[in-house]
Amino acid sequence: MPQDNAINYIELPMRDKGATESFYHHVFGWTFQRWGEHYISFHGAGMDGGFDGEGGEPASPGALVVLYASNLESKRDDILHHGGKIVQDIFSFPGGRRFHFEDPNGNQLAVWSEEG
């Protein structure tokens with residue numbers, strides 16, 4: 001089980017899935033798992049993560065840090081109570097649920113948890 005309140009995952013933007021897989025596999029030895037047409041996760045980098053993109057365009061302009069919380073709703077409430085802003089409310093994805101928020105500096109991060 002992931003550690004509560006810890007950085008657990010990082011997502012990076014992707015323009016070309018094939019080129020991304022080839023580059024990181026050959027240069028750094030990472031392995032990949034495909035999750036549909038627009039998402040690949042990577043392993044072997046010291047921290048798990050993924051690349052996200054649709055139709056040749058990255059899903060986000062930069063890296064997205066993803067934290068883990070065992071109680072997603074409670075963590076969302078804490079973020080709102082302490083000055084954060086929810087920019088994408090809780091949604092499901094293969095393997096869990098998550099939401100995106102902005103901290104008081106405008107940095108966007110995400111929090112995930114297993115289904116439940």
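Not measured: the values here are computed from a predicted model.
Side chain of S113 to main chain of A69: a donor-acceptor pair is present (N/O by atom type, distance under 3.5 Å, no hydrogens or angles). H26 places a side-chain N or O within 3.5 Å of a backbone atom of S22 that can act as its donor or acceptor partner. H100 places no side-chain N or O within donor-acceptor distance of the main-chain N or O of A110, the cut-off being under 3.5 Å.
In the hydrophobic cluster analysis, where Ile, Leu, Val, Met, Phe, Trp and Tyr join through side-chain heavy atoms closer than 4.5 angstrom, M47 is grouped apart from L64. Hydrophobic clustering, with ILVMFWY side chains joined whenever heavy atoms are under 4.5 angstrom apart, groups I40 together with F28. Hydrophobic cluster membership differs between L109 and Y9, with clusters built from Ile, Leu, Val, Met, Phe, Trp and Tyr side chains linked at under 4.5 angstrom. In this structure, W35 is a member of the same hydrophobic cluster as F93, with clusters built from ILVMFWY side-chain heavy atoms closer than 4.5 Å. V65 and V87 are assigned to two separate hydrophobic clusters, defined by single-linkage of ILVMFWY side chains at heavy-atom distances under 4.5 Å.
Using a 4.5 Å heavy-atom threshold, the side chains of H43 and S41 count as touching. Considering only heavy atoms from C-beta on, R76 comes within 4.5 Å of D89 through its side chain. For the pair V111 and F99, the minimum side-chain heavy-atom distance is below 4.5 Å. Contact check for V66 versus N8: no side-chain heavy atoms found under the 4.5 Å cut-off.
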List the atom pairs, with distances to 0.1 Å, where a side-chain N or O of residues 13-20 and a protein N or O form a donor-acceptor pair under 3.5 Å, not counting sequence neighbours.
from : atom 1 : to  : atom 2 : distance (Å)
D16  : OD1    : G18 : N      : 3.1
D16  : OD1    : A19 : N      : 2.8
K17  : NZ     : E37 : O      : 2.8
T20  : OG1    : D16 : O      : 2.7

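To the nearest 0.5 Å, atoms OH (Y24) and OG1 (T31) are separated by 14.5 Å. One distance of note links CD of E73 with CD1 of I90; it measures 4.0 Å at 0.5 Å rounding.
Sorted by first then second residue, the salt bridge (charged side-chain N to carboxylate O under 4.0 Å, His left out) pairs that include residues 102-111, not counting sequence neighbours, number zero. Residue pairs that meet the ring pair (Phe, Tyr, Trp, His ring centres under 6.0 Å) test with at least one member in residues 63-89, sequence neighbours left out, are Y68-W112. For residues 63-72, the set of pairs meeting the salt bridge (charged side-chain N to carboxylate O under 4.0 Å, His left out) definition, not counting sequence neighbours, is empty.
In this view, E11 and Y39, R98 satisfy the side chain to side chain donor-acceptor pair (under 3.5 Å) rule, not counting sequence neighbours. With sequence neighbours excluded, no residue satisfies ring pair (Phe, Tyr, Trp, His ring centres under 6.0 Å) with F32.
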Trace of the salt bridge (charged side-chain N to carboxylate O under 4.0 Å, His left out) decision for R34 with E21: CA-CA 10 Å; R34 292 180 176 220; E21 286 177 314; 2.5 Å; yes
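For L80, the CG atom is densely surrounded, since the number of other residues' heavy atoms within 6.0 Å is greater than 12.
Across G50 and F42, no two heavy atoms sit closer than the pair N-CE2, 3.3 Å. In this structure, G53 and H38 approach most closely via the heavy-atom pair O-CB, 2.6 Å. Between K85 and I79, the shortest heavy-atom contact is N-CG2, 4.3 Å.
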